[in-house]
Peer 1: 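Here it is: the structure, laid out below.
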Amino acid sequence: MTVRFDEFVRAADAAGFGPGTRTRRWIDWPRVIAWSTVGALVALVVGGSYVATYVL
């Protein structure tokens, strides 16, 4: 089994090894923003088609 270094460090910090501080979880902000935008656009398209179909 192969473990990447950052996964090892995260697991070692969680297990109590090291100086006692946990490393912060890395967040991929560009990916979060991109998928949030895609989700918002899909919601607008689906919501708009619902309004056009059932309300009008």
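Computed from a prediction, not measured in an experiment: that's the story for all the values here.
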Peer 1: Please list, chain by chain and in numerical order, all residues satisfying side chain to side chain contact (heavy atoms under 4.5 Å, CB included) with Val46, sequence neighbours excluded.
Peer 2: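 Scan of Val46 (side chain to side chain contact (heavy atoms under 4.5 Å, CB included), adjacent residues dropped) gives Val42.
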Peer 1: Listing request: all salt bridge (charged side-chain N to carboxylate O under 4.0 Å, His left out) pairs with a residue in residues 30-39, at least two apart in sequence or in separate chains.
Peer 2: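 Residue pairs passing salt bridge (charged side-chain N to carboxylate O under 4.0 Å, His left out), neighbours aside: Asp28-Arg31.
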Peer 1: For residues 36-53, which residue pairs pass the salt bridge (charged side-chain N to carboxylate O under 4.0 Å, His left out) check, not counting sequence neighbours?
Peer 2: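 Counting only pairs at least two positions apart or across chains, no salt bridge (charged side-chain N to carboxylate O under 4.0 Å, His left out) contact touches residues 36-53.
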Peer 1: Transitive ILVMFWY cluster of Val32 at side-chain heavy atoms under 4.5 Å: who else is in it?
Peer 2: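 Hydrophobic cluster check, Val32: joined to Ile27, Trp29.
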Peer 1: Taking only residues at least two apart or on different chains, which pairs with a member in residues 44-53 satisfy salt bridge (charged side-chain N to carboxylate O under 4.0 Å, His left out)?
Peer 2: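 Listed once each, the pairs would be none.
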Peer 1: With salt bridge (charged side-chain N to carboxylate O under 4.0 Å, His left out) as the rule and sequence neighbours excluded, what pairs involving residues 36-50 come up?
Peer 2: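 Qualifying pairs: none.
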Peer 1: Go through the structure and list residues passing side chain to side chain contact (heavy atoms under 4.5 Å, CB included) with Val45, not counting sequence neighbours.
Peer 2: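 Testing Val45 for side chain to side chain contact (heavy atoms under 4.5 Å, CB included), a comparison that skips the adjacent residues, returns none.
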Peer 1: Just to verify, what does Thr37 make a side chain to side chain contact (heavy atoms under 4.5 Å, CB included) with, not counting sequence neighbours?
Peer 2: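 So Thr37 forms a side chain to side chain contact (heavy atoms under 4.5 Å, CB included) with Ile33, Leu41.
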